[in-house]
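Here is the naming used below: chain letters follow the sequence lines, and residue numbers restart at 1 for every chain.
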Amino acid sequence: MGHPLGFIGTDVYARYLRMTGHNVIHTMGYDAFGLPAEQYALQTNTHPRVTTERNIANMRRQLRRLGLAHDPRRAVSTTDVDFYRWTQWIFLQIFGSWYDADADRARPIAELEAELDAGTRRPAPGTNPGDTPWATLDASGRRAVLNAHRLAYLAEVPVNWCPGLGTVLSNEEVTADGRSERGNFPVYRRPMKQWMLRITAYADRLIDDLDLLDWSDAIKSQQRNWIGRSTGARVRFATPAGDLEVFTTRPDTLFGATYMVVAPEHPLVGALTTPEQASAVADYVAAAGRRSELDRQADAKEKTGVFTGTHATNPVNGESIPIWVADYVLMGYGTGAIMAVPAHDQRDLDFATAFDLPVVDVIAPADGSERGETAFVGAGTAINSANDEVSLDGLAVDDAKAAIIAWLEGKGLGEGTVQYKLRDWLFSRQRYWGEPFPIVFGDDGEPRALPESELPLVLPPMEDFSPTTSDDADSEPEPPLGRVEGWSTVEIDLGDGSATYRRELNTMPNWAGSCWYELRYLDPTNADAFVDPEVERYWMGPRSPEDCGGADLYVGGVEHAVLHLLYARFWQKVLFDLGHVSSKEPFRRLFNQGMIQAYAYLDDRGFYVEAADVVERDGRYYLGDQEVRRELGKMGKSLKNAVAPDDMCERYGADTLRLYEMFSGPLDQGRPWDTTAVVGMYRLLQRIWRVFVDEETGEVRVGSGEPTDEGLRALHRTIASVREGMETLRFNTSIARITELTNHLTLTYPDGGVPRALAEPLVLLLAPVAPHIAEELWTRLGATGSLAYEPYPVADPAWLLDDTVEVPVQVNGKVRGRVTVAADASKDDLEAAARADDKVAALLADATVRKVIVVPGKMVNFVVG
RNA sequence: GCCCGGGUGGCGGAACGGCAGACGCGGUGGACUCAAAAUCCACUGUCCGAAAGGGCGUGCGGGUUCGAAUCCCGCCCCGGGCACCA
């Protein structure tokens with residue numbers, strides 16, 4: 001367990017909400033399927049079921065020790081059979097539906113089948129390879145067409161094959177330099193038939209609904225960037241090998257296209273290559289294939305490529321332009337082919353310069369400047385862009401785009417379109433530790449859903465669950481479940497009589513369970529549904545027509561920005577479309593807690609030394625006599641700078657640890673851990689304790705006297721600020737106000753006898769942050785039950801107003817004096833009081849007052865000149 | 001390169017456009033103690049000054065305003081994400 005900053009944060013907030021009369025679900029679960037858990041099990045040579053359960057038990061103990069008031073009845077684990085039967089059930093919902101682009105929502109596949117039967121709908125493009133009419137297709141052919149529509153489908157596509165882990169990975173699990181996020185193994189792009197989830201169908205809604213969410217801009221923009229929506233056009237260029245389609249965001253520059261480029265993996269490369277160029281192109285394509293993503297990026301600036309020998313015709317002006325093969329065009333985006341407009345795209349200009357290709361300017365900068373080494377990509381006016389039928393000349397970029405798209409569409413040469421970077425979610429893993437797919441295959445090779453009655457499909461026990469890994473990029477995936485005796489086939493009646501089917505041997509990725517676990521918290525023991533619809537509506541349903549619904553608060557790390565948080569939103573939307581939930585977003589408010597870092601120390605060989613043994617002398621750091629270098633880093637074993645929460649509990653108690661973590665800064669900010677500063681909160685608790693208890697005698701020393709006005713004023717002011725801090729999750733300021741009140745009480749009543757009317761609210765104010773000591777003091781004050789449901793103190797507005805206020809008096813904006821006046825003093829009275837102040841009067845004596853600004857109750861400013 | 005955050009004492013951090021540095025750590029001095037630890041009290045942005053008092057201060061440079069840490073423009077630095085995405 002890392003530092004429990006976020007857990008403590010939600011606990012404080014949940015306790016506060018409970019005391020302010022809210023019905024609160026505060027719980028947490030264990031998402032323990034998948035690569036992290038399985039890799040750990042492999043390292044320790046123990047079954048993942050064992051390591052998982054052991055880790056969960058240890059974590060429960062640590063959480064309990066911190067006094068985290070999670071509801072244990074709702075603490076689900078994604079690896080429990082009772083849980084993953086519903087993960088499988090939801091997968092079947094996804095498998096059992098298709099995206100109706102007209103209705104812009106998912107619908108049950110049976111409705112598609114009915115519409116196809118009725119002839120009111122035709123198969124979507126690309127779902128019916130032979131174009132055989134639906135009515136004349138046989139059962140297997142129809143199944144294939146339906147399967148191609150599903151939100152969960154099998155496809156032979158380029159995937160991320162990671163032999164080091166023995167499995168394929170999703171795009172989101174691969175780092176920018178082409179390695180696995182988990183384990184840092186190399187990843188290779190390779191075509192393979194795998195399960196995909198059609199998250200791209202939701203691309204627009206995933207972007208647009210971000211506007212409904214109370215999330216940080218950082219996470220929102222990460223999701224927007226990842227989905228990568230760009231609007232533009234597809235345009236078809238005629239070539240001897242047939243039409244070559246490109247995607248461009250700048251159709252307005254079509255007249256400036258002077259050559260084309262296809263990716264080395266483009267299917268038309270062979271057909272486009274002339275015999276004279278064949279060997280050069282073949283060499284280039286082979287070389288590009290050998291280069292990893294990393295290599296390609298390393299020398300991204302150096303443009304390479306080969307001419308195919310073939311020319312295409314620019315559809316707008318009939319120009320014959322050469323077609324090249326170059327690896328700066330990626331097969332994975334757009335159509336894998338581009339039109340190159342070197343005048344207005346830097347990459348194209350670099351390439352054109354390297355290979356001496358022509359450059360034609362078609363957009364004139366507004367300022368009339370000349371193009372130099374850099375392409376002009378800014379806004380301007382179209383020039384040199386006219387044919388017999390259409391002229392863009394003189395149009396601004398946006399107008400030119402609209403005009404040329406209209407022309408292209410009229411001629412059937414292209415159309416306006418939207419392109420996304422987001423790819424469908426690769427959902428199968430060749431690993432053991434995950435949910436088995438509730439899917440079987442018939443003789444025709446088409447997948448079929450297992451009936452709900454077959455759920456849960458229990459993960460069969462395995463002694464040797466290890467994946468088949470290698471360092472060979474050309475190795476083949478071998479799912480471990482294939483090694484389970486009697487598992488790979490099953491005899492079952494799926495409606496056509498009993499038959500033998502092959503089981504799907506892949507398992508789901510670790511993100512599957514966490515796509516919906518927040519919904520299970522609501523109704524954790526329901527055996528008839530993943531969540532009762534009414535229960536879901538009560539806790540997560542929208543509260544107004546504009547509200548997207550969802551959990552009220554989700555606290556988590558930023559690392560899930562494009563993984564868990566994207567996937568979970570997708571599943572929620574599918575469930576919403578199918579009518580299973582009333583909320584279209586899973587997490588209405590997301591709060592990213594910061595990471596607690598710690599100083600780490602390196603010796604002169606560059607090795608980390610035990611941070612706990614390092615001492616500071618005169619601003620330098622030493623291990624014994626040896627000076628060491630300090631840096632700030634993530635806490636952990638590798639940097640030898642871990643501080644275990646358990647140790648802190650041992651030394652100072654859980655309440656001190658909770659206070660320290662909440663006090664040292666706002667929840668969303670990372671900060672260095674500072675063990676020496678922990679004592680501050682320990683002292684605070686001691687001072688509070690002494691307000692209530694005589695250390696010599698153990699007697700309660702709270703008095704029965706009446707509080708003074710001053711005391712009540714301090715109390716109510718504290719209540720107001722503490723509440724504000726609680727509401728805004730800025731617990732650090734709440735704790736500071738509690739400290740001030742405590743200091744006020746200890747100074748005012750040095751010998752004890754703090755009036756009960758002040759002491760009781762102090763305990764209640766403290767309770768959410770330091771529940772253990774608060775409960776103890778509450779009992780000492782004579783209560784018999786817990787204070788967890790006591791009403792949180794409410795500030796009386798009457799005590800928030802002072803009779804008199806001290807107001808700063810400025811001369812030319814600089815504070816020169818202070819005057820004390822009645823809180824409701826008028827402007828004139830305030831100005832008169834300010835003028836009467838000795839120091840101010842002296843400054844005003846030999847100056848001309850040009851202007852006087854008086855803000856009643858706030859300040860006075862004399863402008864003199 | 002692009003997109004997000006963020007720069008305030010020795011440190012963590014407070015401050016509806018209105019007293020910069022709350023609160024805590026550390027430091028200094030004191031109380032308690034045979035002594036230490038623990039605890040408690042006082043002081044603690046910086047410069048000049050014996051003091052009273054004054055100058056300067058929120059990364060840098062401009063601007064708006066009676067008044068800017070806060071709003072605007074242009075830079076610099078740090079952290080995170082994306083990146084040959086057409």
Quickly work out the [X] [atom1] to [N] [atom2] distance and round it to whole Å.
X: A:Lys851; N: B:rC66; atom1: NZ; atom2: C1'; value: 5 Å
X: A:Ile219; N: B:rG80; atom1: CD1; atom2: P; value: 15 Å
X: A:Asp751; N: B:rC41; atom1: CG; atom2: P; value: 13 Å
X: A:Arg671; N: B:rG6; atom1: CZ; atom2: C1'; value: 15 Å
X: A:Leu659; N: B:rC23; atom1: CG; atom2: C1'; value: 12 Å
X: A:Asp252; N: B:rA86; atom1: CG; atom2: P; value: 14 Å
X: A:Asn592; N: B:rG6; atom1: CG; atom2: P; value: 13 Å
X: A:Phe663; N: B:rG26; atom1: CZ; atom2: P; value: 12 Å

Report the nucleotide, chosen from [options], that has the shortest atom-to-atom distance to any side-chain atom of [X].
X: A:Lys858; options: B:rA20, B:rG24, B:rC16; answer: B:rC16
X: A:Ile853; options: B:rA86, B:rG18, B:rC25; answer: B:rG18
X: A:Asp327; options: B:rA86, B:rC3, B:rC84; answer: B:rC84

Using a cut-off of under 3.5 Å, enumerate the N/O to N/O pairs linking the protein to nucleotides 67-70 of chain B.
none

Distance check, [atom1] atoms only: [N] and [M], in whole angstrom units.
N: B:rA50; M: B:rG67; atom1: P; answer: 35 Å
N: B:rC71; M: B:rU64; atom1: C1'; answer: 8 Å
N: B:rC72; M: B:rG1; atom1: P; answer: 24 Å
N: B:rG30; M: B:rG79; atom1: P; answer: 43 Å

Filter on salt bridge (charged side-chain N to carboxylate O under 4.0 Å, His left out), then keep only pairs touching residues 681-693 of chain A, sequence neighbours left out; what's left?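 Sorted result for residues 681-693 of chain A: A:Arg690-A:Glu695.
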Looking at [N], I'd like to know if its phosphate oxygens (OP1 or OP2) sit under 4.0 Å from a side-chain N or O belonging to [X].
X: A:Ser230; N: B:rA86; value: yes
X: A:Asn732; N: B:rA14; value: yes
X: A:Gln669; N: B:rG6; value: no
X: A:Asn743; N: B:rG24; value: yes

Pairing stems for RNA chain B [at least three consecutive pairs; Watson-Crick or G-U; under 3.5 angstrom]: B:1-7 with B:76-82, B:10-12 with B:23-25, B:26-31 with B:39-44, B:45-48 with B:53-56, B:59-63 with B:71-75
Base, sugar-phosphate or nothing for A:Ala677? Non-hydrogen atoms, less than 4.0 Å. sugar-phosphate
Using only modelled atom types and a 3.5 angstrom limit, is any donor from either the side chain of A:Lys220 or the base of B:rC4 paired with an acceptor on the other?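 Absent.
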Is any N or O donor-acceptor pair between the side chain of A:Arg737 and the base of B:rA22 shorter than 3.5 Å?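 Yes, a donor-acceptor pair under 3.5 Å.
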Which residues satisfy the side-chain hydrogen bond (donor to acceptor under 3.5 Å, both in side chains) test with [X], sequence neighbours excluded?
X: A:Gln686; result: none
X: A:Glu727; result: A:Tyr16
X: A:Glu172; result: A:Ser170, A:Trp226, A:Tyr567
X: A:Arg671; result: A:Ser664

Please collect all ring-ring contact (aromatic ring centres under 6.0 Å, His included) contacts where either partner lies in residues 660-688 of chain A, sequence neighbours excluded, each pair once. A:His3-A:Trp673, A:Tyr652-A:Tyr682, A:Tyr660-A:Trp673
Would you please name every residue forming a salt bridge (charged side-chain N to carboxylate O under 4.0 Å, His left out) with A:Glu650, sequence neighbours left out? A:Arg65
Identify whether the glycosidic angle of B:rG9 places it syn (within 90° of 0) or anti.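 Here B:rG9 takes the syn form, which means its glycosidic angle is within 90° of 0.
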Who are the ring pair (Phe, Tyr, Trp, His ring centres under 6.0 Å) partners of A:Phe351, not counting sequence neighbours?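 A:Phe351 satisfies ring pair (Phe, Tyr, Trp, His ring centres under 6.0 Å) with A:Tyr259, A:Trp324, A:Tyr328, A:Phe355 only.
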For A:Arg229, what residues pass the side chain to side chain contact (heavy atoms under 4.5 Å, CB included) criterion, not counting sequence neighbours? A:Asp204, A:Ile207, A:Asp208, A:Val418, A:Tyr420
For nucleotides 37-39 of chain B, which of its nitrogen or oxygen atoms have a protein nitrogen or oxygen under 3.5 Å away, and what is each distance?
unit_1: B:rU39; atom_1: OP1; unit_2: A:Arg683; atom_2: NE; d: 3.4
unit_1: B:rU39; atom_1: O3'; unit_2: A:Arg690; atom_2: NH2; d: 3.1

